[in-house]
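Here the structure comes first, spelled out in structure tokens, and everything after it is commentary.
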Amino acid sequence: MRIKAVLSKAGKILANVIVALFSISCIYPMIWMIYSSLKTRREFSRDIISLPAHPHFDNYINAIKTSNMIKYMGNSLYNAVISVVLVILIGFVIAYFLSRYKFKGRNLIYTYFMFGMLVPIHALLVPIFVQFKALNLYDKPYTLLFPYVAFGLPLSIFLIESYIGTIPREMEEAAFIDGSSIIRTMFTIILPMCAPVISTVAILTFFHNWNEFPFALILINEESLRTIPIGLTYFSDQYSTDYTAKMAAIVLATAPVILVYILFYKNIIKGMTAGAVKG
Amino acid sequence: MTNRLLRPKKSMFVAFLLPGLLLYSFIVAVPIFNAIRFSFYQWSGGPKKTFIGLENFIDLFKDEIFWLAFRNNVIITALCVLGQIGVAFILSSLLVSRFLKFKEFHRTVTFFPVILAPVVVGFVWTLIYNNRAGLLNWALRAMNMEGLIRPWLDDPGIILYTISVPLIWQYIGFYMIILMSAFMSIPKEIFEVAEIDGATGIRKAVYITLPLIRDTLFVTIMLCISGNMKIFDHIYAMTRGGPGNSSIVMAMYAYRNSFEMYKLGYGNAISIGILVLSLALILVTRKVMGGRSVED
């Protein structure tokens with residue numbers, strides 16, 4: 001009996017250790033990048049694992065000075081923020097009509113949008129490139145907004161539509177009796193009530209578009225319009241053996257995402273998995 | 001009564017639904033038709049387009065690199081289904097157990113890689129695999145296992161495994177959260193009865209948990225397959241398909257043909273190939289998994 005108790009205790013400790021090791025493996029690489037980027041190149045090559053003896057920001061200053069990192073981050077921010085606003089606005093309006101009214105083609109439109117979660121985006125890169133070229137939409141400041149908004153809509157509509165379904169209809173009826181128009185009711189009463197789901201959609205869309213790579217790669221050519229993932233690949237090619245510089249650039253590119261994650265991780269985990277199970 | 005009064009005019013439906021529908025169609029639906037249309041041409045992007053019928057598809061059918069890319073996609077997908085869902089299953093069954101500490105911390109931390117840009121994950125792992133400055137070789141040296149050191153991203157023999165590790169690593173947390181919520185929806189009484197009957201640990205997981213979360217497992221496998229048929233960013237950041245063609249995947253091959261060799265007609269044919277093969281793989285898996293359910 002005692003042996004059994006000891007064994008089961010050992011098993012519990014072992015389980016805790018295994019999970020802890022895995023957890024550490026998930027964040028250690030990024031922590032390693034962060035503190036190594038504060039070392040000099042020589043210090044890093046002497047010992048890759050030690051903490052910086054004299055932390056300094058030269059790698060960051062260099063990364064910002066020698067490349068257009070800040071410009072790329074600005075471009076990413078611009079694309080991500082504008083597409084978030086449009087995804088929410090367009091998604092909310094469509095979700096509202098799909099949720100509140102029965103009309104001909106309602107189910108068809110809903111299915112049509114949900115289909116977008118299944119389409120392998122990468123199979124569409126080449127034809128989208130051709131379309132953009134033909135219509136002169138290629139390599140413009142607004143180019144990336146098209147795919148970012150369009151591919152953000154399915155999840156946005158799915159999440160907002162099901163959320164509006166939980167809001168009682170009496171809300172609109174009361175507003176109507178008080179003389180509020182539909183548009184006014186929609187934007188001043190229902191939209192604010194959707195705040196929780198909208199914040200989820202906003203965070204997910206922001207992440208997705210800040211991180212987006214293939215569209216930015218094929219639809220943008222102009223250096224001044226590059227987004228951060230593209231800037232990072234050029235930087236990485238250029239500084240292929242300057243590891244600490246590369247790490248500084250990676251940390252710079254990831255910092256906003258880490259910040260948002262720390263602030264909203266609960267919402268993020270819930271939102272990302274909710275959208276996935278449907279898709 | 002009020003519902004009818006509340007109903008907006010038809011023009012309003014059109015005004016509110018149409019902009020979104022048009023934009024969405026332009027990016028998602030129209031390209032599918034255009035891909036089919038362009039795939040019948042020989043075209044390098046200039047004004048001259050030559051109609052060549054099915055020739056691109058005949059070439060595609062005989063194109064060894066394309067089938068190598070497809071094979072690589074399938075191997076990577078298989079490794080990821082086993083790795084991501086397998087590890088996620090073990091971790092989440094540990095995480096829902098009573099004796100595990102710091103659950104909230106583990107959940108938050110294992111989900112962290114999911115939010116990183118695939119390109120960033122690619123670069124981070126390029127550094128981990130780096131010969132001189134990498135964490136992996138450092139760890140091997142620290143454990144006196146120098147013999148295992150390899151050119152991780154330059155050895156065609158192991159490249160598919162080494163590029164799958166970052167993919168698996170990044171998304172375990174994602175599948176873990178999905179599986180955990182499935183675990184927690186199983187009524188506790190079932191486990192209690194099983195424990196009385198003497199089922200413990202692994203037996204409990206295999207004979208009770210596994211059958212009960214089948215539907216969720218099915219969803220995660222589908223997500224995993226469709227996610228891995230389109231991998232591109234990681235590969236672009238780590239190897240660009242090399243060394244040689246050893247780590248090429250379908251999306252990478254379409255990219256190379258269209259944007260490095262300017263064979264746009266052929267690139268569109270490859271796109272159709274990706275669409276058809278991904279869909280076929282998903283249908284076959286669905287059939288296979290559905291077939292099993294008839295047996296039980």
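Reminder, nothing fancy here: chain letters follow the sequence lines and each chain counts from 1.
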Item checked: Which atoms of A:Lys9 approach chain B - backbone, side chain, both or neither, heavy atom under 4.5 Å -> neither
Next item on the list: Heavy-atom distances under 4.5 Å only: say whether A:Lys266 touches chain B with side chain, backbone, both or neither.
Entry: side chain
Item checked: A:Phe151 versus chain B, the contacting section by heavy-atom distance below 4.5 Å -> side chain
Next item on the list: Measure A:Phe213 against the heavy atoms of chain B and call it side chain, backbone, both or neither at under 4.5 Å.
Entry: both
Item checked: Engaged part of A:Phe132 at the chain B interface, taking heavy atoms whose separation is under 4.5 Å -> side chain
Margin query: With a 4.5 angstrom heavy-atom cut-off, is it the side chain or the backbone of A:Ala20 that approaches chain B, or both, or neither?
Written below: both
Check: Where does A:Phe44 contact chain B at under 4.5 Å (heavy atoms): side chain, backbone, both or neither?
Finding: side chain
Check: Closest heavy-atom contact between A:Pro29 and B:Trp169?
Finding: CG-CZ2, 4.1 Å
Item checked: Donor-acceptor contact below 3.5 Å, side chain A:Trp32 vs main chain B:Ile128 -> no
Item checked: Pairs of heavy atoms under 4.5 Å with chain B: top-ranked of A:Ile228, A:Val130, A:Leu153, A:Ile258 -> A:Val130
Margin query: Which one wins on heavy-atom pair count under 4.5 Å against chain B: A:Ile268, A:Ile183, A:Ile24, A:Ile90?
Written below: A:Ile183
Next item on the list: Measure A:Ile94 against the heavy atoms of chain B and call it side chain, backbone, both or neither at under 4.5 Å.
Entry: both
Next item on the list: Under 4.5 Å heavy-atom distance to chain B, tell me which part of A:Ser25 shows up: side chain, backbone, both or neither.
Entry: both
Next item on the list: For chain B, find which of A:Val93, A:Ile27, A:Asn16, A:Ile13 contributes the most heavy-atom pairs closer than 4.5 angstrom.
Entry: A:Asn16
Note to self: Quick check on A:Tyr265 against chain B: is it the side chain, the backbone, both or neither that has a heavy atom closer than 4.5 Å?
What the structure shows: side chain
Item checked: A:Leu145, part contacting chain B, at a heavy-atom distance under 4.5 Å -> neither
Item checked: Contacting region of A:Ile109 [heavy-atom separation from chain B under 4.5 Å] -> side chain
Next item on the list: Could you walk me through whether B:Ile90 and A:Phe22 pass side-chain contact (heavy atoms from CB on, under 4.5 Å), step by step?
Entry: CA-CA 12 Å; B:Ile90 295 168; A:Phe22 182 75; over 6 Å; no
Note to self: With a 6.0 Å cut-off on the ring centroids, do A:Tyr101 and B:Phe13 count as close?
What the structure shows: yes
Item checked: Region of A:Leu217 in contact with chain B, defined by heavy-atom distances below 4.5 Å -> side chain
Notebook entry, point to check: Do the side chain of A:Asn211 and the main chain of B:Ile115 share a donor and acceptor less than 3.5 angstrom apart?
Noted result: yes
Check: Which heavy atom in A:Ile48 sits nearest to a heavy atom in B:Gly134, and how many Å separate them?
Finding: CD1-O, 3.3 Å
Check: Which residue pairs pass the side-chain hydrogen bond (donor to acceptor under 3.5 Å, both in side chains) test when at least one of the two sits in residues 106-119 of chain B, sequence neighbours left out?
Finding: A:Ser23-B:His106
Check: For the candidates A:Ala15, A:Ala175, A:Pro229, which exhibits the highest count of non-hydrogen atom pairs separated by less than 4.5 Å from chain B?
Finding: A:Ala15
Margin query: Quick check on B:Ala35 against chain A: is it the side chain, the backbone, both or neither that has a heavy atom closer than 4.5 Å?
Written below: both
Notebook entry, point to check: Is the side chain of B:Tyr24 donor-acceptor paired with the backbone N or O of A:Tyr112 at a distance under 3.5 Å, no angle test?
Noted result: yes
Margin query: Please evaluate residues A:Leu125 and B:Tyr255 with respect to the criterion side-chain contact (heavy atoms from CB on, under 4.5 Å), reporting the C-alpha separation (whole Å), side-chain torsions for both, the decisive distance (0.1 Å), and the verdict.
Written below: CA-CA 8 Å; A:Leu125 287 177; B:Tyr255 172 80; 5.9 Å; no
Item checked: Residue pairs fulfilling side-chain hydrogen bond (donor to acceptor under 3.5 Å, both in side chains) with at least one residue in residues 111-124 of chain B, sequence neighbours excluded -> none
Next item on the list: Give the member of A:Tyr261, A:Phe207, A:Tyr96, A:Tyr243 that has the highest number of heavy-atom pairs under 4.5 Å with chain B.
Entry: A:Tyr261
Notebook entry, point to check: Is there a side-chain contact between B:Leu135 and A:Ile49, using heavy atoms and a 4.5 Å cut-off?
Noted result: yes
Check: Do A:Thr233 and B:Phe123 pass the side-chain contact (heavy atoms from CB on, under 4.5 Å) test, and can you show the C-alpha distance, the side-chain angles, and the key distance before you say yes or no?
Finding: CA-CA 9 Å; A:Thr233 54; B:Phe123 286 130; 3.6 Å; yes
Next item on the list: List the atom of B:Ser271, the atom of A:Ala123, and the distance in Å for their closest heavy-atom pair.
Entry: CB-O, 3.0 Å
Checklist line | Close side-chain approach of B:Leu127 and A:Ile250, heavy atoms under 4.5 Å | finding: yes
Item checked: Side-chain touch A:Pro214/B:Asp233, heavy atoms, less than 4.5 angstrom -> yes
Next item on the list: Measure A:Leu137 against the heavy atoms of chain B and call it side chain, backbone, both or neither at under 4.5 Å.
Entry: side chain
